[in-house]
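Working notes for the structure below.
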Amino acid sequence: MSEMVSEREVDASKLQISDEVAIQITGMNKWYGDFHVLRDINLTVYRGERIVICGPSGSGKSTLIRCINRLEEHQKGSIQVDGIELSSDLKNIDKIRSEVGMCFQHFNLFPHLTVLENCTLAPIWVRKTPKKQAEETAMKFLDRVKIADQARKYPGQLSGGQQQRVAIARSLCMNPRIMLFDEPTSALDPEMIKEVLDVMVDLAQTGMTMLCVTHEMGFARQVANRVIFMDQGQIVEQNEPEPFFTNPQSERTKLFLSQILSH
Amino acid sequence: MTTRGIAFVSHETIPPSPPPGLSLGPVAWIRANLFSSISNSVMTIVGLAVVFHVLSAVIPWLFLGSIWNAGSLTECRSIDTGACLAVINERKWQFFFGFYPAEERWRPFAAFILMFAAIFPVLFSGASRKLLVFSVIYPGLAYWLIWGGSIWGPVMVFAGPGVGFAVWRYGGRAAGSVMDVNVAGMLAMVAGALVTIIWWLFLVEPLDDLVTGIVDIGLEPVQSARIGGFLLSLIIGVSGIAASFPIGVCLALARRSNLLIIRALSVGFIEFIRGVPLITLLFVASVLLQYFLPPSTEFDLILRVVIMVTAFASAYMAEVIRGGLAALPKGQYEAADALGLDYWKSMRLIILPQALKISIPGIVNTFIGLFKDTTLVSVIGLLDPVGIINPIRADQNWNGIVWELYGFIALFFFIFCFSMSRYSQYLERKLQTGHR
C-alpha cells in the first residue's frame, strides 16, 4: 500500500494548521441499544488538520465521523462543529451538513442523475445557487478531480475510482469547510486507489480540514498531521504519523499495526 | 517438476476476428431459438399447430362469416354461421355512452379526445411543461362536459385551492413581518388549507348560483343515471388511477415516517382497505354511505364509487411503492442527508424518482387491476359495459348471444390495459441509466 503514494510530491508549506477550532467533541458517548459503541470520546480538531482514523473492524471509527454530521445520533456529551452545537434542532443539522462534506465507502452517487447533475443538485436546492453558476462551479471541481470529460455520463457508466472522484467533487461543490472520508478507497480495485488518493492529497494542500477513516498508511504518513487509533469504541492512541508508526505505545496499536503492515 | 517449463510471454496482440459463419443471420437465429434441441423442435411444431388451429377457427368466424346488419339472432343465423356482430352494431351507443342523450354525445366524446391532450405532458417528459396547466384544469373541464350544468360550479371548486394558496403566500408574508418567519409559514399553511376547505363546503354553491345568475354559461345537465358503458368505465378508471397514485405515494411515505401517529394512521388505513373485498366497499358506497350523511345531501353515486375505488387502489399502490422505497440502498438516504437536503427535498429529488422507477411494474399492475375492477360496479346496478350486457341478453331478439358481447368488452379492456403495459415498458427503458 505505502509504495503507491511514495512518489507523490507534497508541498509541506501548504499544509498549514490554524489555531481556530473546527470540531470540538467532549465526553461523547453512543449506544446501539445496549451496545456501547463510542465511549467517552474527546477530540479537538483545528482548522487545516488532516486526521487519519484507523482501527480494527467494529472499533467505532466510522460511527465517530458519522456522528459529526449527525448521520448517527449521540446520546451523551457534546459535539460542536464550527461553533454550532449538534442538537436535535433540524435547522442546525441541515446547516452543519451543508458545511461538512462527506465521502462514503460505496460512493453513494445518485444513479438516476448525470455526473454533472449529481454535483449541482445540492448547490441548486440547498444553497439556491442559480443553475448556470452551479454548473460552472461543478465543472471547475470535476476538472480538479480530472473527470470533467465524463460530466454528461451516468454514474453507472464510470469505474469505481471515477465514481469516488465524482463523489468528492460533489461534496466540494457545497464549499464545505470540513471533509469527512469514510473508508474512501476500501471498495476500490488496487489500480484505482491511487487516483482517489491523489485527489485527496491535492485537497489536503488546499488547506481543507479532513477527517479520514482509512487504512492507507502511505497516505497517513504523507499528509496526515495526526493519526488516531481506535479500538472497542474508544480512542486508544493518537500521535503524529512518524512516531505513531515507528514507535507505537499501546499493545493494541502494536498488534494492529503488525497485522496491517505484514500482509 | 522443475524441468517442465511454465514461463510464457506473449509479444503480439491478437486482433479481433468475426465469429464463425453459422452464429449470425436468420438461419442461425431459427436454429438457436426454434430448433436448438429435439424437445425444442417438438415444442415449436406443437406450438405452431395450436396457433394455426385457433386462428383457423377464429378468423372465418370473426371476419369471413360475420354479420353486421340483422335485427335478431335468428336473422343472423339464417344469413351465415359467423359472429353475429349485428348486436354490437345495434347497441353500440349504449356500449359507448350508456343512456346518454343522443344529441349530447359529442360532449363525452370531446372529453375523451381532450383526455389524451391532458395526459400527454404527464406521460412524456419531452413535452412542454406549460401543457401541464391543461392537465390540471382537465378534470374540471371533463366534469363540466360530461355532467353539464353551469360552468361556474367547477370553476368555483378550482378557485378554492387558489384562494387557499393566496392566503398561505400573502398571509404568511404579512405575518412574517410581525413574528418568527417559520412559525408564520406554518400558521399560514394551516390557514390556507382551512380556507380551502371552508370555501369548498360553504362558498362554492352560493357563489356558483350568484355568478350563474349574472353570466349563465352552461350545458344541458345530464343525470348520473344516464351515464354508462365504456364512458363509465373510463370515468371511474381514469379518476381512480389519477387520484390513487399521489395518495399511494403519501401513504407509503407516511408508513415509513418516524412520526408515530402518522405511521399508525397510514398502517390502519392500508390494512383495513386491503383486508376488505372491493365489492363490500362498493356496497358501502351505494347503500350504507347515505345513512352516515345528512339526509338532504345529494352525493352522486358515481362520485361515491370513484372514492371507494380510489381508496382501494391507493392502499395497494402504497404497498407497491413502499417496496420500492425499501429496495433503495440506505446509502442513498445518507448521501442526500449528508448534502444538507431536507426531508421533502431528498424524497422528491433523490428517493422517490428511484423508488418509483423500481416500482413501475407493480404500479402499472395496480392500475390495470383497478381499471378491470371497474366492471364490478355492475353489481351495484351501474350500467358499465357488463351492466349493459344483461338487458341485451334478456332481450328476446338477442337471447342466447354470449361470445360476441363479452368478446367486444374484452377487446376494449385489452386495448387499454395493453397500452398501459407497453407504456410502462417504454418508461422502464427510458429511465434505465445503469449501464448503457
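Chain naming here is simple, since letters A, B, ... match the order of the sequence lines and numbering starts at 1 in each.
- Taking 4.5 Å as the heavy-atom cut-off, the residues of residues 337-346 of chain B that approach chain A are B:D337, B:A338, B:L339, B:G340, B:L341, B:D342, B:K345, ordered by number.
- Contacts with chain B were tallied for A:L180, A:I96, A:L121, A:L113; A:L121 has the most, counting heavy-atom pairs under 4.5 Å.
- By the neighbour-count criterion of 12 heavy atoms within 6.0 Å, atom CG of B:N258 is sparsely surrounded, having that number or fewer from other residues, nucleotides or ligands.
- Of the atoms belonging to A:F104, it is side-chain heavy atoms, and not backbone ones, that fall under 4.5 Å from chain B.
- Neither the backbone nor the side chain of A:H106 comes within contact range of chain B; no heavy atom of the residue lies under 4.5 Å from a heavy atom of that chain.
- Within a 6.0 Å sphere centred on CZ of B:F416, other residues, nucleotides and ligands contribute more than 12 heavy atoms.
- Residues of residues 67-79 of chain A lying under 4.5 angstrom from chain B, judged on non-hydrogen atoms, are A:N69, A:L71 in numerical order.
- Using a 4.5 Å cut-off on side-chain heavy atoms (C-beta onward), A:R66 and B:E334 make contact.
- Around atom CZ of B:R422, no more than 12 heavy atoms belonging to other residues, nucleotides or ligands sit under 6.0 Å away.
- With a 4.5 Å cut-off on non-hydrogen atoms, A:L109 touches chain B through its backbone but not through its side chain.
- Closest of all the heavy-atom pairs between B:A335 and A:F110 is CB-CE2, 3.8 Å.
- More than 12 heavy-atom neighbours from other residues, nucleotides or ligands sit within 6.0 angstrom of CZ on B:F124.
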